[in-house]
Amino acid sequence: MPTTSETGRKLGDRELSRVVFSADRIAERVGEMGRSITSFYRHDDDLLVLGLLKGSFIFLADLVRAIDRPLQVDFLVASSYGSGTESSGEVELLYDPEASLDGRPVLLVEDIVDSGTTVDRVVPVLEERSPASLEVCALLRKHAGATVKEPRWVGFDAPDRFLVGYGLDYSENFRHLSYIASL
Ligand code: IMP
Ligand code: MG
């Protein structure tokens, strides 16, 4: 017996309990966000869209295709600390974007902002590189805490449940689903 069914709905004893955001609903919302971002940056040059890996990879791919203006794409990977681990406040970039941020509008793309810890650690590191502006776009927002930099664009308010799919993982599984489900 394969552990994963063809639809990805089952993984071992883990079953997806319910679709929370369908592929159609996500596509519609991502289109709206793309139009809003296009309009927000209409007077800017040199837009750099920075995807925070791995979770943002599918969202980013759809989002940039919904942004109707010139832009460049790069990625960053930030070290993650286990829950309960006190950070020194410094974030280690496991992959540092090659693109220069100096004097450019930068849009940081996150899959989900939960406590805001990730955004709070990455934003100061990026701001040190003197971007002309720095905004955050998150597909999902849970409300476990406030961040120093609230996302200017949020796709959906997320329920307080563990979500998978459309880039979001549970132990690296389920990222490939075209919809978002709760476990
Ligand atoms: P934060 O640092 O607490 O804001 O959490 C953000 C990160 O935690 C995201 O980039 C995700 O990788 C992960 N995360 C938070 N909630 C979920 C979830 O419901 N499903 C999958 N990953 C999540
Ligand atoms: Mg994750």
Side-chain angles (χ1 to χ4, degrees), residues 3-4 7-23 25-26 29-30 33 37 48-64 73-97 106-128 134-183:
T3 48
T4 308
T7 57
R9 286 180 161 271
K10 227 179 185 176
L11 186 97
D13 59 347
R14 284 277 167 181
E15 241 176 289
L16 303 185
S17 59
R18 135 183 142 76
V19 175
V20 179
F21 301 106
S22 69
R25 207 169 152 205
I26 295 168
R29 186 70 188 115
V30 171
M33 295 170 90
I37 291 167
L48 176 65
V49 180
L50 271 185
L52 197 52
L53 291 176
K54 298 175 193 172
S56 74
F57 83 110
I58 294 180
F59 174 44
L60 182 94
D62 284 342
L63 184 69
V64 292
V73 176
D74 209 332
F75 297 95
L76 61 131
V77 183
S79 61
S80 55
Y81 300 83
S83 58
T85 306
E86 276 303 307
S87 154
S88 61
E90 278 172 48
V91 60
E92 190 192 354
L93 293 188
L94 302 179
Y95 173 77
D96 205 331
V106 174
L107 177 62
L108 180 67
V109 177
E110 253 269 56
D111 52 354
I112 179 165
V113 175
D114 183 7
S115 69
T117 307
T118 308
V119 168
D120 281 356
R121 286 176 182 156
V122 169
V123 161
V125 172
L126 298 180
E127 271 174 345
E128 256 173 48
L134 179 61
E135 300 295 343
V136 178
C137 174
L139 178 65
L140 298 161
R141 179 70 167 108
K142 279 186 186 170
H143 288 279
T147 64
V148 288
K149 186 99 187 167
E150 273 304 309
R152 182 173 289 275
W153 294 276
V154 171
F156 302 103
D157 279 327
D160 192 22
R161 271 176 289 159
F162 199 80
L163 302 176
V164 295
Y166 200 69
L168 297 164
D169 72 303
Y170 170 69
S171 299
E172 295 301 326
N173 291 296
F174 302 117
R175 290 194 197 275
H176 66 296
L177 304 179
S178 56
Y179 50 89
I180 294 169
S182 58
L183 278 185

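Ligands are counted one by one from 1 in listed order, and the atoms in each one are counted from 1 as well.
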*Asks:* So does F59 get a backbone contact from the side chain of S56, meaning a donor-acceptor N/O pair under 3.5 Å?
*Replies:* no

*Asks:* Using a 4.0 Å cutoff against the non-hydrogen atoms of D169, which atoms of ligand 1 qualify?
*Replies:* 21 (C)

*Asks:* Can you check whether R161's main-chain N or O pairs, donor with acceptor, with K142's side chain at less than 3.5 Å?
*Replies:* yes

*Asks:* Parallel, tilted or perpendicular, judged at 30° and 60°: which one describes the rings of Y170 and F162?
*Replies:* perpendicular

*Asks:* Side chain or backbone, does L168 bring an N or O within less than 3.5 Å of an N or O on ligand 1?
*Replies:* no

*Asks:* For ligand 1, note which part of V119 has a heavy atom under 4.0 Å away: side chain, backbone, both or neither.
*Replies:* neither

*Asks:* Answer with yes or no whether L52 contacts ligand 1, where contact means a heavy atom under 4.0 Å from a ligand atom.
*Replies:* no

*Asks:* Is the side chain of R29 donor-acceptor paired with the backbone N or O of V154 at a distance under 3.5 Å, no angle test?
*Replies:* yes

*Asks:* What atoms of ligand 1 come within less than 4.0 Å of a heavy atom belonging to T117?
*Replies:* 1 (P), 2 (O), 4 (O)

*Asks:* I'd like to know if the side chain of K149 and the backbone of L134 have a donor-acceptor N/O pair within less than 3.5 Å.
*Replies:* yes

*Asks:* Considering the heavy atoms of G116, write down every atom of ligand 1 situated less than 4.0 Å from one of them.
*Replies:* 1 (P), 3 (O), 4 (O)

*Asks:* Identify, by atom number and element, the atoms of ligand 1 in contact range of E110, meaning under 4.0 Å from any of its heavy atoms.
*Replies:* 10 (O)

*Asks:* Can you list the ligand 1 atoms lying under 4.0 Å from a non-hydrogen atom of L163?
*Replies:* 18 (C), 19 (O), 20 (N), 21 (C)

*Asks:* For ligand 1, is G55 a contact, meaning one of its heavy atoms is under 4.0 Å away?
*Replies:* no

*Asks:* Going by the side-chain contact (heavy atoms from CB on, under 4.5 Å) test, name the single residue among L52, L60, L50 that passes it with F75.
*Replies:* L60

*Asks:* Could you tell me whether a side-chain N or O of R141 sits under 3.5 Å from a main-chain N or O of F156, the two making a donor and an acceptor?
*Replies:* no

*Asks:* With a heavy-atom distance limit of 4.0 Å, tell me whether R161 approaches ligand 1 through its side chain, its backbone, both, or neither.
*Replies:* backbone

